[in-house]
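Data first, discussion second: the structure below is written as structure tokens.
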Amino acid sequence: MNPRFGAALLWLSLVPVLAGCAHFSAPATSVSDAAWTNRRVELTGLDHWLLQARVASGRIGWSGNMRWRQDADEFDIRVSGPLGTSGFMARGNHERVEIRTAKETIVTDDPQSLLWEKAGWGMPLHQLRYWAVGVPYPDSPAIVQFDAQGRLLKLKQDGWELEYTEYGQYQRYELPRRFTLDNGDMYFRVVVDDWSEFG
């Protein structure tokens, strides 16, 4: 047998074997999965920041401005309606929140229910700390959809559905600029005007 011909037959006989080995090898983590994991870890750790945004809800005919200061576990949120009306201030942490309106000051551990009772609408303040930077709230299960760059596109968590439609560059982070929140009763559109890290 011609040595060259024999070598060619040997090579051809190995191709199916090599292909089979490649077919049964363990799949590698995709680039988008790795990008999402890295973003989630980095952004979940953000705990000293200031956000300014516009918030609107067509279902209740309300719009206003929101200023959120997160300082470790403590937050200070101020929401004002048109010309400073229909707003509230909330400050506290995961265990205790003080809410002030034009009429009263109340301390609670469930700000969303309290706002619903007093104002007819409520925002998930504990979760929004994380949702505002484009990651799930770490203390409950979530269903996520992200793009090839690891940026969150859709999130279902704690009875809410969020959709992220635009990202912007804020200092060294690429963060949500436009997103919506919907729980069937409440629907909010959020447009972030500015975000900055401090400390």
Side-chain angles (χ1 to χ4, degrees), residues 43-140 142 152 155-164 166 168 170-171 173 175-199:
L43 298 180
T44 299
L46 292 178
D47 57 5
H48 294 86
W49 47 263
L50 178 65
L51 175 147
Q52 297 184 65
R54 288 165 283 155
V55 184
S57 176
R59 290 182 188 169
I60 58 176
W62 181 91
S63 64
N65 298 310
M66 178 172 66
R67 179 187 181 275
W68 186 311
R69 179 183 172 89
Q70 187 71 42
D71 191 359
D73 291 332
E74 300 289 325
F75 61 80
D76 186 313
I77 305 165
R78 297 165 193 260
V79 177
S80 61
L83 303 177
T85 63
S86 305
F88 71 90
M89 185 192 78
R91 62 184 180 187
N93 51 46
H94 191 74
E95 297 178 351
R96 178 183 182 277
V97 179
E98 178 185 292
I99 295 180
R100 292 184 183 180
T101 67
K103 298 179 180 180
E104 58 188 330
T105 298
I106 304 174
V107 176
T108 180
D109 62 356
D110 188 2
Q112 182 176 337
S113 296
L114 180 63
L115 285 171
W116 180 268
E117 176 186 341
K118 298 295 181 181
W121 60 274
M123 300 180 77
L125 300 183
H126 295 313
Q127 293 91 333
L128 194 56
R129 165 187 173 178
Y130 298 94
W131 296 348
V133 295
V135 293
Y137 178 55
D139 292 343
S140 58
L152 194 58
L155 167 66
K156 293 183 179 181
Q157 189 172 36
D158 293 339
W160 290 82
E161 295 187 13
L162 288 84
E163 185 170 356
Y164 295 83
E166 184 181 343
Y170 301 97
Q171 293 182 341
Y173 301 102
L175 300 173
R177 171 164 163 72
R178 294 177 184 269
F179 61 97
T180 60
L181 305 91
D182 191 352
N183 73 350
D185 296 316
M186 292 285 96
Y187 174 85
F188 295 101
R189 296 187 309 275
V190 179
V191 179
V192 177
D193 294 315
D194 193 26
W195 184 96
S196 58
E197 187 178 26
F198 63 88

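As the structure is a computational prediction, the values presented were derived from the model and not from experiment.
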Checklist entry - Given Arg177 and Val191, is the side chain to side chain contact (heavy atoms under 4.5 Å, CB included) satisfied, shown in steps? => result CA-CA 6 Å; Arg177 171 164 163 72; Val191 179; 4.1 Å; yes
Item to check | Evaluation steps, side chain to side chain contact (heavy atoms under 4.5 Å, CB included), between Gln171 and Trp195 | outcome: CA-CA 8 Å; Gln171 293 182 341; Trp195 184 96; 4.2 Å; yes
Checklist entry - Does the side chain to side chain contact (heavy atoms under 4.5 Å, CB included) test come out yes or no for Arg129 and Asp47, once each step is laid out? => result CA-CA 9 Å; Arg129 165 187 173 178; Asp47 57 5; 3.4 Å; yes
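With rounding to the nearest 0.5 Å, the separation of NE2 in His126 from CG in Asp158 is 11.0 Å. Here Phe188 contributes atom CZ and Asn183 contributes atom CG; the two are 8.0 Å apart, rounded to the nearest 0.5 Å. A distance of 7.5 Å separates CG of Asp193 from CG of Asn65, quoted to the nearest 0.5 Å. Note that CD of Glu163 is 13.0 Å distant from CZ of Arg189, once rounded to the nearest 0.5 Å. To the nearest 0.5 angstrom, Gln52 atom CD is 6.5 Å from Arg67 atom CZ. Distance check: Met66 CE to Phe88 CZ gives 8.5 Å after rounding to the nearest 0.5 Å.
Taking every heavy atom of both residues into account, Pro124 and Trp160 meet most closely at CD-CZ2, 3.7 Å. Between Leu181 and Leu128, the shortest heavy-atom distance links the atoms CD2-CD1, 3.9 Å. The shortest non-hydrogen separation linking Arg100 to Thr105 is CG-OG1, 3.3 Å. Closest approach of Tyr164 to Leu152, counting heavy atoms only: CB-O, 3.3 Å. Of all the heavy atoms in Tyr130 and Pro136, the pair that sits closest is CB-O, 3.7 Å.
Formation of a donor-acceptor pair under 3.5 Å by the Glu197 side chain with backbone atoms of Leu46 is not found in this model. Judged by distance alone, with hydrogens and angles left aside, the side-chain atoms of Gln157 form a donor-acceptor pair with the main-chain N or O of Tyr137 at under 3.5 Å.
The aromatic ring centres of Tyr170 and Trp49 sit 6.0 Å or more apart.
With Trp68 as the partner, the side-chain contact (heavy atoms from CB on, under 4.5 Å) test is satisfied by one option alone out of Val192, Leu51, Val79, Leu50: Leu51.
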